[in-house]
Amino acid sequence: MTTTTLPPAGLFRRLAALFYDALIIIALEMIAAGVVMAVLFALNGMGILSYGEYLDAADLLSRHPIFSPMFTFYLAAMWVYFFVFFWTRAGQTLGMRAWKIQVRNQDGTMISTTQALIRIATSAFGLANLAVPFDPQKRGFHDIWAKTQVVVLPVAK
């Protein structure tokens, strides 16, 4: 089916998919943070790393002038990578797959990494979707900037 025959995704589907993805990202972030915490705990247990003035690994990661920004960057990079990976490979995150929507170029091809990064940078954590009801083509602000569209896929028969 060509892109021109696929209807644009509305606000409800987009927000529902975003909610599903948020649950997945929260779980992935917890795992990613847990791995770092486990490594720090193990290094402390082996005597390789001392928490020093910090109470524990969590205190170290939240207050240390170097580790705290690095840890925040690591978690943010995981979040960004989730979207870039799925959008550039299949045009769908897991939440988008559940709601049968796909992000793509106007000609139906997959979006580039640059387009995915533009979508993330201009999405305002999903608030850019609030433009969908007001745009004649049902595009979010981030779709306009990245020159992408989100379409509803046909139900498999």
Heavy-atom pair with the smallest gap, counting every atom of [X] and [Y]:
X	Y	result
Thr122	Phe141	O-CD2, 3.6 Å
Gly10	Lys138	CA-CD, 4.4 Å
Gln106	Thr148	NE2-O, 3.8 Å
Arg63	Glu53	NH2-O, 4.2 Å
Arg119	Trp87	NH1-CZ2, 3.1 Å
Val84	Ala116	CG2-CB, 4.0 Å

Members besides Ile66 in its Ile/Leu/Val/Met/Phe/Trp/Tyr cluster (side-chain heavy atoms under 4.5 Å): Met70
Which atom pairs, one a donor and one an acceptor, fall under 3.5 Å between side chains of residues 93-102 and the rest of the protein, sequence neighbours left out?
unit_1 : atom_1 : unit_2 : atom_2 : d
Thr93  : OG1    : Asp21  : OD1    : 3.1
Thr93  : OG1    : Asp21  : OD2    : 2.4
Thr93  : OG1    : Met96  : N      : 3.2
Gln102 : OE1    : Arg104 : NE     : 2.9
Gln102 : OE1    : Arg104 : NH2    : 2.4
Gln102 : NE2    : Ala90  : O      : 2.8

Could you list the donor-acceptor pairs under 3.5 angstrom formed by side chains in residues 123-132, with sequence neighbours left out?
unit_1 : atom_1 : unit_2 : atom_2 : d
Ser123 : OG     : Ile120 : O      : 3.0
Ser123 : OG     : Phe125 : N      : 3.4
Asn129 : OD1    : Arg14  : NH1    : 3.0
Asn129 : ND2    : Gly126 : O      : 3.3

Taking a hydrophobic cluster as the set of Ile, Leu, Val, Met, Phe, Trp and Tyr residues connected by side-chain heavy atoms closer than 4.5 Å, whether directly or through intermediates, do [X] and [Y] fall within one such cluster?
X	Y	answer
Ile25	Val80	yes
Ile26	Val35	no
Ile24	Val150	yes
Leu117	Phe86	yes
Leu75	Phe83	no

Partners passing salt bridge (charged side-chain N to carboxylate O under 4.0 Å, His left out) against Arg13 (at least two apart in sequence or in another chain): none
I need the [X] [atom1] to [Y] [atom2] distance, nearest 0.5 Å.
X	Y	atom1	atom2	value
Leu15	Phe12	CG	CZ	8.5 Å
Asp56	Tyr54	CG	OH	12.0 Å
Leu18	Leu23	CG	CG	10.0 Å
Arg89	Ile111	CZ	CD1	11.5 Å
Asp143	Ile118	CG	CD1	12.0 Å

Are a donor atom and an acceptor atom from the side chains of Asn105 and Gln115 found within less than 3.5 Å of each other? yes
The side-chain contact (heavy atoms from CB on, under 4.5 Å) partners of Ser62 (sequence neighbours excluded) come to Asp59
Is the ring centre of Phe71 less than 6.0 Å from the ring centre of Phe67? no
Other residues, nucleotides and ligands only: do more than 12 of their heavy atoms fall within 6.0 Å of CH2 on Trp79? yes
State whether the side chain of Ser68 and the backbone N or O of Leu61 hold a donor-acceptor pair below 3.5 Å, judged by distance alone. yes
List the atom pairs, with distances to 0.1 Å, where a side-chain N or O of residues 36-52 and a protein N or O form a donor-acceptor pair under 3.5 Å, not counting sequence neighbours.
unit_1 : atom_1 : unit_2 : atom_2 : d
Asn44  : ND2    : Leu49  : O      : 3.0
Ser50  : OG     : Gly52  : N      : 3.1

Please tell me if the side chains of Leu6 and Val152 come closer than 4.5 Å, counting only heavy atoms from C-beta onward. no
